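For ligands, and for the atoms within them, numbers begin at 1 and follow the listed sequence. Only a predicted model underlies this, so the values are computations on that prediction, with no experimental measurement involved. The analysis underlying the following values was restricted to heavy atoms, covering all of them including side chains, and did not include hydrogens, waters or symmetry mates.
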Amino acid sequence: PLSCFQVIRCRAAVAWAVGKPLSVEEVEVAPPKAGEVRVKIVATGICHTDEHILEGSFPDVDFPVIPGHEGAGIVESVGEGVTSVKPGDKVIPLCLPQCGECSFCLNPESNYCLKCHVSEPQTVLPDKTSRFTCKGKQIHHFLWVSTFAEYTVIPEYAVAKIDAAAPLDKVCLLACGFSTGYGAAINTAKVKPGSTCAVFGLGGVGLSVVMGCKAAGASRIIAIDINKDKFAKVKELGATHCISPHDFKKPIQEVLTEMTGHSVDYSFEVIGHADTMTAALVSCNMNTGVCVMVGVPASGSVISFDPMLVLSGRTWKGTLLGGWKMRDCIPRLVASYLEKKFNSDVLITHTLPIAKVNGGFELLRAGKR
Ligand code: NAD
Ligand code: ZN
Ligand code: ZN
């Protein structure tokens, strides 16, 4: 209990400015205030959204900042009034919180919370201050979770307590990539047994979409990527066809129509480019097709499209974190992981110490993870 009054000095990967590599620094992490939890981060994944931050694609993220949002850890101390977790509990920090009180949280159909970053900046904690300092400067939080730090402070409603048996170096992927992709297929698209799916982009998130389509009983899964190195793994996960747009002169949507007759039942864009988003829309059945946007476009991106594409009956939708109400569902997903209902471990390509965090980003850029 004493520790909750102490500042912790530990390492964190700080992004000082747009376009600069991360710098592993000693930082001070202040104790949690009322309603906050201080978590020792044990493991974190690298998601392409972290790369978008380093590139400066999101103008509402303030630098310097500690990125990272796919972590898992152990509660170190709690602030006044915190009742749902205690020191020693294993938790997953939630980059999409669930306050439980706002109108969106009260809507059973919605997984968006009005306290999430889309409505309120999460570069400082709810009281508008930061718990991180480095070299005398205040460092910003990212999505309230900042998992590229050995210790981080998070609002109570943005952490989910998970099973004490969960291996943190594996279930950290449930904090974003796996849950997003798997949920995009199961919750957002609601893929039906026997259907045909097309997945554009086979990074960690796209591979998880394929796992979700397979689990939902899709009979044909067409996996699309310009990097053919991704094909071996996606076949193991259930893709029935793998194609690269570079192998065809005609647009990929025409290739898909030829392969399937009337195009696919469900298409997923898991890259984040306006042109592939439109291609994914065109690629689903004109009347009953569902296209799900998963990839995050650069801020300010605009798409123009022929309204007939939607008028004829297609559904175009998006997903945040796969549609899961995070605080309720992440513990259940961890339980399913422990029951071996899915194998998210296949997404892990490398394990690196925090000192090599930039090496992790190089692997991401090279398409090796
Ligand atoms: P990643 O970089 O690992 O994977 C992207 C894949 O797309 C790569 O394999 C790349 O080769 C492929 N690709 C690039 N251009 C292509 C093209 N023109 N045609 C076909 N394939 C192409 O990324 P990731 O970590 O899997 O994340 C994917 C996207 O999902 C990112 O935009 C990320 O920000 C987003 N995301 C969204 C949510 C959400 O809540 N909606 C959550 C997590 C991640
Ligand atoms: Zn992510
Ligand atoms: Zn809420």
Side-chain angles (χ1 to χ4, degrees), residues 44-53 55 57-58 67-71 94-107 110-120 142-143 145 147 155 157-158 172-184 188 198-210 223-231 233-234 242-248 251-252 268-280 292-298 301 317-327 347 349 360-361 363-369:
T44 182
I46 297 178
C47 163
H48 206 119
T49 306
D50 297 307
E51 168 73 350
H52 290 321
I53 297 306
E55 290 165 345
S57 304
F58 300 112
H69 64 282
E70 201 174 68
L94 307 176
C95 53
L96 189 60
Q98 187 186 342
C99 78
E101 290 168 1
C102 71
S103 60
F104 282 70
C105 279
L106 293 172
N107 177 353
S110 158
N111 78 321
Y112 181 98
C113 169
L114 290 174
K115 299 220 187 297
C116 106
H117 63 283
V118 187
S119 350
E120 267 186 35
F142 174 54
L143 299 178
V145 293
T147 61
Y157 48 74
C172 61
L173 298 182
L174 275 49
C176 181
F178 175 77
S179 303
T180 298
Y182 198 73
T188 312
V199 182
F200 291 69
L202 307 174
V205 186
L207 293 175
S208 305
V209 172
V210 171
I224 303 149
D225 203 297
I226 49 177
N227 180 354
K228 291 184 178 177
D229 295 345
K230 305 275 177 170
F231 292 170
K233 189 175 272 182
V234 75
C242 292
I243 54 176
S244 164
H246 288 169
D247 286 347
F248 302 91
I252 198 71
F268 300 85
E269 201 278 354
V270 206
I271 305 161
H273 295 163
D275 54 347
T276 40
M277 286 177 178
T278 314
V292 180
M293 287 195 200
V294 188
V296 177
S301 296
K317 44 197 323 202
T319 193
L320 278 178
L321 275 303
W324 306 103
K325 266 191 191 297
M326 295 289 270
R327 237 178 149 212
L347 303 176
T349 54
F361 278 90
L363 290 165
L364 171 93
R365 287 174 204 130
K368 297 234 166 76
R369 86 92 184 81

Colleague: Given side chains that start at C-beta, do those of H48 and V205 come closer than 4.5 Å, heavy atoms only?
Modeller: no
Colleague: Do any nitrogen or oxygen atoms of G204 lie less than 3.5 angstrom from nitrogen or oxygen atoms of ligand 1?
Modeller: yes
Colleague: Quick one: closest heavy-atom pair of G367 and N227, and the distance?
Modeller: O-ND2, 3.4 Å
Colleague: Given I53, N111, V205, which has its nearest heavy atom closest to atom 26 (O) of ligand 1?
Modeller: V205
Colleague: Could a heavy atom of G177 be found less than 4.0 Å from some atom of ligand 1?
Modeller: no
Colleague: So which bit of T180 gets within less than 4.0 Å of ligand 1, heavy atoms only: side chain, backbone, both or neither?
Modeller: side chain
Colleague: Taking the side chain as every heavy atom from C-beta outward, state whether F361 and D50 have any atom pair closer than 4.5 Å.
Modeller: yes
Colleague: Could I get the full list of ring-ring contact (aromatic ring centres under 6.0 Å, His included) partners for Y182, not counting sequence neighbours?
Modeller: F178, F342
Colleague: Can you name the nearest heavy-atom pair linking G68 to V145, along with the distance?
Modeller: O-CG2, 3.6 Å
Colleague: Is there a side-chain contact between L173 and E70, using heavy atoms and a 4.5 Å cut-off?
Modeller: yes
Colleague: Out of E269, H69, H52, H48, who gets a non-hydrogen atom closest to atom 24 (P) of ligand 1?
Modeller: H48
Colleague: Can you tell if the side chain of L363 reaches within under 4.5 Å of the side chain of T349, non-hydrogen atoms only?
Modeller: no
Colleague: Going by chain and residue number, what protein N/O/S atoms come nearer than 2.8 Å to the Zn ion (ligand 2)?
Modeller: C47 SG, H69 NE2, C176 SG
Colleague: Can you list everything that forms a side chain to side chain contact (heavy atoms under 4.5 Å, CB included) with S301? Sequence neighbours excluded, please.
Modeller: P297, A298
Colleague: Select the closest option to atom 35 (C) of ligand 1 among V234, V296, V209, D275, judged by heavy-atom distance.
Modeller: V296
Colleague: Find out whether S103 and L114 are in side-chain contact, i.e. whether some heavy atom of one side chain is under 4.5 Å from a heavy atom of the other.
Modeller: yes
Colleague: Which is closest to atom 10 (C) of ligand 1 in terms of heavy atoms, D225, N227, T276?
Modeller: D225
Colleague: Against heavy atoms of C47, which atoms of ligand 1 measure under 4.0 Å?
Modeller: 43 (C), 44 (C)
Colleague: What I want to know is whether V294 and ligand 1 share at least one N or O pair that is separated by under 3.5 angstrom.
Modeller: yes
Colleague: Let me confirm one number: the NZ-SG distance from K115 to C102, rounded to the nearest 0.5 Å.
Modeller: 7.0 Å
Colleague: May I ask you to list the atoms of ligand 1 that are less than 4.0 angstrom from any heavy atom of T49?
Modeller: 33 (C), 34 (O), 36 (N), 44 (C)
Colleague: I need the contact type for A184 against ligand 1. Using non-hydrogen atoms and a strict under-4.0 Å cut-off, is it side chain, backbone, both or neither?
Modeller: neither
Colleague: Need the ligand 1 atom indices (1-based, order shown) with element for anything under 4.0 Å from a heavy-atom of L320.
Modeller: 40 (O)
Colleague: In ligand 1, which numbered atoms sit nearer than 4.0 Å to a non-hydrogen atom of G203?
Modeller: 1 (P), 3 (O), 4 (O), 6 (C), 9 (O), 26 (O)
Colleague: Flag L321 as yes when one of its N or O atoms lies below 3.5 Å from any N or O atom of ligand 1, and as no otherwise.
Modeller: yes
Colleague: Which heavy atom in M326 sits nearest to a heavy atom in A175, and how many Å separate them?
Modeller: CE-O, 3.7 Å
Colleague: For G272 and ligand 1, does the shortest N/O to N/O distance drop below 3.5 Å?
Modeller: no
Colleague: Applying a strict 4.0 Å limit to heavy atoms, is G367 in contact with ligand 1?
Modeller: no
Colleague: Please tell me if the side chains of F231 and S244 come closer than 4.5 Å, counting only heavy atoms from C-beta onward.
Modeller: yes
Colleague: So which heavy atom on V294 is nearest to which on A184, and how close?
Modeller: CG2-CB, 3.9 Å
Colleague: List every atom of ligand 1 that sits less than 4.0 Å from any heavy atom of G295, numbering the atoms from 1 in the order shown and giving each element.
Modeller: 29 (C), 30 (O), 32 (O), 35 (C)
Colleague: With a 4.5 Å cut-off on side-chain heavy atoms, are Y157 and L94 touching?
Modeller: no
Colleague: Within the supplied structure, the quantity of interest is the number of heavy atoms (other residues, nucleotides, ligands) at a distance under 6.0 Å from K228 NZ; does it exceed 12?
Modeller: no
Colleague: Any idea which heavy atoms bring L106 and E101 closest together, and the distance?
Modeller: CD1-O, 3.5 Å
Colleague: Could you tell me whether E51 approaches ligand 1 through its side chain, its backbone, both or neither, with non-hydrogen atoms closer than 4.0 Å?
Modeller: neither
Colleague: Using a strict 4.0 Å cut-off to heavy atoms of C176, name the atoms of ligand 1 that fall inside it.
Modeller: 42 (C), 43 (C)
Colleague: Mind checking whether Q98 and L96 have side chains closer than 4.5 Å, heavy atoms only?
Modeller: no
Colleague: Counting each atom of ligand 1 from 1 as listed, which ones have a heavy atom of K230 under 4.0 Å away?
Modeller: 9 (O)
Colleague: Quick one: name the protein N/O/S atoms under 2.8 Å from the Zn ion (ligand 3), chain by chain.
Modeller: C99 SG, C102 SG, C105 SG, C113 SG
Colleague: Under the criterion side-chain contact (heavy atoms from CB on, under 4.5 Å), I'd like the reasoning laid out for T49 against C176: C-alpha separation, chi angles, the key distance, then a yes or no.
Modeller: CA-CA 10 Å; T49 306; C176 181; 5.5 Å; no
Colleague: Please find the pair of heavy atoms, one from E269 and one from I271, that lie closest to each other, and give the distance.
Modeller: OE1-N, 3.1 Å
